[in-house]
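One structure below.
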Amino acid sequence: MSKTAYTTHHGMTDLLPGEIEQWQALEAIIHETARLFHFQEIRTPVLEQTELIARGVGQLTDIVSKEMFTFDRGEDHYVLRPEGTAPVARAYVQHHLAQRGGTQRLYYIGPFFRAERPQKGRQRQFHQFGAELVGARGSIADVEIIAFMTRIYRQIGITNTTLKLNSVGEPESREAYRKALRDYFKPLAGQLSEVSRNRLDTNPMRILDSKEEQDQPLKAGAPVITDFLSAASRKHFESVRDLLDKLRIPYDVDPFLVRGLDYYTETAFELTSPDLGSQDALGGGGRYDLLIEEVGGPPTPAVGFACGIERLMIACEALGLKLADPSGPDIYFVTRGEEAARWALEKMPDLRNSGLVCTMDYSGRSLKAQMKDANRQQARFAVIIGEQELNDNMFTLRDMEKSEESLISGSEITERVLSS
RNA sequence: GAGCCCAUAGCUCAGUCGGUUAGAGCGCCAGGUUGUGGCCCUGGAGGCCGUGGGUUCAAUUCCCAUUGGGCUCCCCA
């Protein structure tokens, strides 16, 4: 163990065979769901300009103020992207996607980076998938996004989730609400936890998601943002709830749901699971009507979500959900002698052209060792080739599960395996 | 940034009240079957007992530090 000179950095892990199958199966579900919603994949670089993230996500957010991996080369300031929405917004502006007309329906899967202390469900390199509807104003867009997200979990079989829903309104309402919160909490400052007290001036809305024991009773009497929403915001929020009801997507309105990024407006939501332990958010999202403009584009309403893949895996694990089993080859060639091995090597391209998965021993090991390997790899059939077989052009085809053997000619292999 | 826990074979873990060559199960390799997997039997490889220092005649064991890992708070995915 100590002989291993190099290891991954703290909070970054390798995905090995045995584990990767689950990821691939999940990715297949994501791509298929996106196809059904007619969203198209977008891939943006892992490195972005630090300024983009700082502006887009917000200078005062935890992400920007203390969790970014950054480095400089000459004049350029690089950051490992900590989230997906700001880069998508940047791409939308940079490539003038607005000029393509209509609404851009985009989704992505990929790694993101935050320099936090790792723990269960939190890695420094983690993975998210997400979707964005850019250029869509109506509440139907919000609901499509939520439907997209929840459908994926339903497809997987994760059903014991809670969808929390709130509206954070427009900036003006939020400012009025912030003031009301300050007015409410100021006299109680002495009873607040230290973290919350510090937020009183900087970001009082964050006091609302405090988990500190002592803050809970104080939160209970706090003003609710719903009372500060403009008529338009209120109508939008009502419409979202109404449409969710129509789609029979259950949700809980949580007036204290405040998401950590600055760019959210109007609808905000979060999907939580009881199987995740302390980090219980599977994913979340909301509307961000001002972000595109903030990063230099035309005023463009948008809504999106992002979900953590590692957390999804934890939930699958807890629920015993296996999305995929590793599959073995159709044929494993067991060879004796160099000539036999060469015959097998030359035969395999034909079989593969027919769609058969085949492999063989590469080291000229004993027959027993090769059979053992075929078994370990869960091969459906072993084809045994020795001198005799080559001379007669008749080979032993062994059904590994039934332990039955038959003699067949070389040209029969494909058909026999395909038909069983 | 703060707190708690852990560190012995590839994996999961015993163990030494401080005392010669450090163990098991699984896995791996080989033999039993000179051409046949899974079950069984036999054998083998594989550990500076995370690292550094201290106490001691003697440390994998006790003490300190350090590194790595896990969990929690904060916050998020």
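All heavy atoms count here, side chains included; hydrogens, waters and symmetry mates do not. To find a chain, count down the sequence lines: A is the first, B the second, and so on, and within it residues start at 1.
For G47(B) and U33(B), the P atoms lie 32 Å apart once the distance is rounded to whole Å. A59(B) and C11(B) have their P atoms separated by 28 Å, with the value rounded to a whole Å. Taking atom P on both nucleotides, A58(B) is separated from G1(B) by 40 Å, rounded to a whole Å.
Considering only heavy atoms from C-beta on, S406(A) comes within 4.5 Å of R416(A) through its side chain.
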Tabulate below the donor-acceptor pairs under 3.5 Å that side-chain atoms of residues 148-156 of chain A make, not counting sequence neighbours, or state none.
from, atom 1, to, atom 2, distance (Å)
T150(A), OG1, I146(A), O, 2.9
T150(A), OG1, A147(A), O, 3.3

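Contacts with RNA chain B (heavy atom under 4.0 Å) in residues 13-30 of chain A: none are found. Residues of residues 327-343 of chain A having a heavy atom closer than 4.0 Å to RNA chain B, listed by number: R336(A).
Look at R117(A) and you won't find any side-chain N or O under 4.0 angstrom from OP1 or OP2 of U72(B). In terms of phosphate contacts, R311(A) brings no side-chain nitrogen or oxygen within less than 4.0 Å of OP1 or OP2 of C76(B). Remark: H127(A) is not in phosphate contact with A77(B), judged by side-chain N or O atoms under 4.0 Å from OP1 or OP2. The phosphate of C29(B) (OP1 or OP2) has a side-chain N or O of R376(A) nearer than 4.0 angstrom.
When the nucleotides A77(B), G31(B), G35(B) are ranked by their closest atom to the side chain of S366(A), G31(B) comes out on top. Each of C74(B), G37(B), U36(B) was ranked by its minimum atom distance to the side chain of N375(A); first place goes to G37(B). The side chain of Q119(A) approaches C71(B) more closely than any other nucleotide in the set G38(B), G31(B), C71(B). Among the nucleotides G35(B), C74(B), G37(B), the one closest to the side chain of R398(A) is G37(B). Closest contact between the side chain of R122(A) and the listed nucleotides C71(B), G37(B), C74(B) involves C74(B).
With hydrogens and angles ignored, no donor-acceptor pair under 3.5 angstrom links the side chain of Q370(A) to the base of U36(B). Residue side chain S403(A) reaches the base of G37(B) through a donor-acceptor N/O pair under 3.5 Å, judged by distance alone.
The distance between atom CG of D361(A) and atom P of G37(B), rounded to the nearest whole Å, is 15 Å. Spacing between atom CZ of F112(A) and atom P of A77(B) amounts to 11 Å, rounded to whole angstrom units. Between the CD atom of E270(A) and the P atom of C76(B) there is a distance of 8 Å, given to the nearest Å.
Pairing for G47(B) is absent, with no Watson-Crick or G-U wobble pair whose two atom distances lie under 3.5 Å. The base-pairing partner of G25(B), taking Watson-Crick or G-U wobble contacts with both distances under 3.5 Å, is C11(B).
Across all strands shown, G121(A) has heavy atoms under 4.0 Å from base atoms, whether or not it also approaches the sugar-phosphate. At the heavy-atom level, E310(A) lies nowhere under 4.0 Å from the strands shown. Among the atoms of the strands shown, base atoms are found under 4.0 Å from some heavy atom of Q123(A).
Between N391(A) and E387(A), the side chains place no donor N or O within less than 3.5 Å of an acceptor N or O (distance only, hydrogens not considered). Side-chain N/O atoms of E132(A) and Y288(A) include a donor and acceptor closer than 3.5 Å. Side-chain contact of H77(A) with Q49(A): a donor-acceptor pair under 3.5 Å is absent, judged by distance alone. Donor-acceptor pairing under 3.5 Å is recorded for the side chains of R81(A) and T44(A).
Note on R241(A) versus D245(A): no salt bridge recorded, every NZ/NE/NH1/NH2 to OD/OE distance being 4.0 Å or above. A salt bridge links D330(A) with R380(A): the distance from a Lys NZ or Arg NE/NH1/NH2 to an Asp or Glu carboxylate oxygen falls below 4.0 Å. Ion pairing between a basic and an acidic side chain is recognised when a charged N comes within 4.0 Å of a carboxylate O; E339(A) and R342(A) show no such pairing.
At least one cation-pi condition fails for R105(A) and Y107(A): the charged atom is not both under 6.0 angstrom from the six-membered ring centre and inside a 45 degree cone around its axis.
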